[in-house]
Amino acid sequence: MPELPEILNRAKEMKEALTGKTITGIEILQPKCLNVPEDAFTAALHGARLIDITYRGKWIFTETSKGWLLFCMGMGGEILLVSRESLPEKRRLLFDFDDGTCLSVNFWWFGYAHYVPAGMLEGHAMTAKLGPNAIDLSSENLREMLDGRRGGIKSFLLNQSRVAGIGNAYVHDILFMARLHPLRSINTLIDTEVNGLMEAIHRGLQPSIDKGGAFYEVGLHGQKGRFSMEDILIGYREGESCPDCGAAIKKIKTGSTSSFICPVCQPLE
DNA sequence: CGGGCTGTTGACTC
DNA sequence: AGAGTCAACAGCCC
């Protein structure tokens, strides 16, 4: 599940390694992940030179001389820089470059590779509505965004059009560090809790950013992320002891997702 | 062997 | 506005 730490790192690696390369061939093994017909996609990007690679939330933005190439990795996948001689078996898309290297892209069904003409990003619905990157927010921003809103804090954090980049893997520890129950109503939060939440977002994401992302994802050169299970406090630790109070960590259903909480540190009043 | 679960997102309904 | 459900898939666990 690539979320902000993984996507940030992958975009950075891609910028360093791919800028300046020109696409000389495109192989599409799963046309359904595209937003335009296969031949239109190929025609649009053939001969495109890569200018810059950035990210927003869980999306990677590749700026080329012929428009935008956007990736969303869905629930997992790899973007690998390889040679023609060592192509991974599992791939959905393959880009050949003018220097003989290849970019192999694989993801589960939910992944997207979208083409958007230059200057037309505003018209791309899935990225145009993304909120600001989670790590770029200030407490003041967050307070303004929460103001007047109802509903649970977890679904707010997971809603990419509010805050971009947080997914279900990191949200457990973020809420634990903020001492907030996932179903806590936004309109009951006081200022100190919002400040604490902002701090928890940084404390929840930055260590993984610094370690090249989570252990279950790989980077552009196939290397594993160094943010390991030992770095996770509460998430996926059902039945283990809360690191703060020792109570048993519980797994609960919160809408359509599961949540891991300490029932003592994160009460729902 | 098979059923259940996980994860992202948009579409859809209430 | 927000909550709930569904659909799409591979891989893992029991």
Side-chain angles (χ1 to χ4, degrees), chain A residues 1-8 10 28-36 55-61 70-80 88-93 104-114 116 123-131 133-134 144-175 181-189 204-205 208 213-218 224-225 227 229 232 234-239 249-261 268:
Chain A
M1 325 124 232
E3 302 175 21
L4 190 144
E6 291 78 40
I7 297 301
L8 178 154
R10 229 169 289 185
I28 298 162
L29 297 97
Q30 187 198 47
K32 280 193 181 182
C33 70
L34 308 177
N35 61 331
V36 294
Y55 81 101
R56 177 111 76 92
K58 300 170 187 173
W59 286 79
I60 294 172
F61 289 67
L70 311 179
F71 295 108
C72 176
M73 303 307 291
M75 296 195 252
E78 309 88 46
I79 298 180
L80 298 168
E89 263 186 44
K90 288 188 181 176
R91 53 182 200 273
R92 314 270 183 163
L93 289 169
S104 170
V105 180
N106 183 49
F107 35 60
W108 291 0
W109 199 247
F110 295 147
Y112 303 112
H114 285 185
V116 180
H124 185 253
M126 288 171 91
T127 57
K129 61 172 196 177
L130 288 175
N133 281 329
E144 283 165 23
M145 293 170 71
L146 290 168
D147 191 43
R149 202 150 254 130
R150 294 174 303 118
I153 188 63
K154 183 185 179 185
S155 60
F156 174 90
L157 291 175
L158 293 185
N159 186 335
Q160 301 299 298
S161 62
R162 309 266 184 256
V163 179
I166 300 174
N168 207 43
Y170 290 97
V171 76
H172 311 298
D173 276 12
I174 289 173
L175 288 170
H181 190 283
L183 298 177
R184 177 71 182 278
S185 293
I186 290 168
N187 58 10
T188 67
L189 294 177
L205 298 178
S208 184
F215 62 93
Y216 47 76
E217 295 287 333
V218 300
K224 282 197 175 107
F227 185 79
M229 200 56 213
I232 296 173
I234 285 282
Y236 311 101
R237 292 190 180 279
E238 184 180 17
I249 296 164
K250 277 172 75 176
K251 180 183 182 182
I252 59 169
K253 274 279 166 199
T254 46
S256 55
T257 63
S258 294
S259 295
F260 294 86
I261 61 160
L268 180 61

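This one's a predicted model, so the numbers in the text were calculated from it and none came from an experiment. In what follows, chains are A, B, ... by sequence order, proteins preceding strands, each numbered from 1.
Here the C1' atom of nucleotide C:dA1 and the CE atom of A:Met145 are 15 Å apart, to the nearest Å. Rounding to whole angstrom units, OH of residue A:Tyr170 and C1' of B:dT6 are separated by 16 Å. For the pair A:Glu89 CD and C:dA10 P, the interatomic distance rounds to 15 Å; values are reported in whole Å. Atoms NE2 (A:His114) and P (B:dT8) sit 17 Å apart, rounded to a whole Å.
Under the rule for a side chain to side chain contact (heavy atoms under 4.5 Å, CB included), the partners of A:Leu183 that lie at least two apart in sequence or sit in another chain are A:His181, A:Thr254, A:Leu268.
Closest to the side chain of A:Tyr236, from the set B:dT9, B:dG7, B:dC5, is B:dG7. Of the listed nucleotides (C:dT5, C:dA3, C:dG11), C:dA3 has the atom at the smallest distance from the side chain of A:Ser155. Of the candidate nucleotides B:dT9, C:dA10, B:dT6, C:dA10 has the atom nearest to the side chain of A:Arg92. Closest contact between the side chain of A:Glu3 and the listed nucleotides C:dA10, B:dT8, B:dT9 involves B:dT8. With C:dG2, B:dG7, B:dT6 as the choices, the nucleotide that has an atom nearest any side-chain atom of A:Ser258 turns out to be B:dT6. For A:Asn168, whose side chain is taken as the heavy atoms from C-beta onward, the closest listed nucleotide among B:dT9, B:dG7, C:dG2 is B:dG7. The side chain of A:Lys90 sits closest to C:dG11 out of C:dG2, B:dG7, C:dG11. Comparing B:dT6, B:dT9, C:dG2 by their closest approach to the side chain of A:Met126 singles out B:dT9.
Among the atoms of the strands shown, none is found under 4.0 Å from any heavy atom of A:Lys32.
Note: A:His172 NE2 to A:Arg237 CZ = 12.0 Å, rounded to the nearest 0.5 Å.
The aromatic rings of A:His124 and A:His114 stand perpendicular to each other, their planes meeting at an angle above 60°, with 30° marking the opposite boundary.
Axis deviation across the helix from B:dG2-C:dC14 to B:dC14-C:dG2 amounts to 40°, comparing end segments of five pairs, rounded to 10 degrees.
For the pair A:Arg92 (side chain) and A:Gln30 (backbone), a donor-acceptor distance under 3.5 Å is absent.
Between A:Ser256 and A:Arg149, it is A:Arg149 whose nearest contact on DNA chain C lies nearer the 5' terminus.
Screening A:Leu175, A:Ile252, A:Ile249 for a side-chain contact (heavy atoms from CB on, under 4.5 Å) with A:Ile261, the sole residue that qualifies is A:Ile252.
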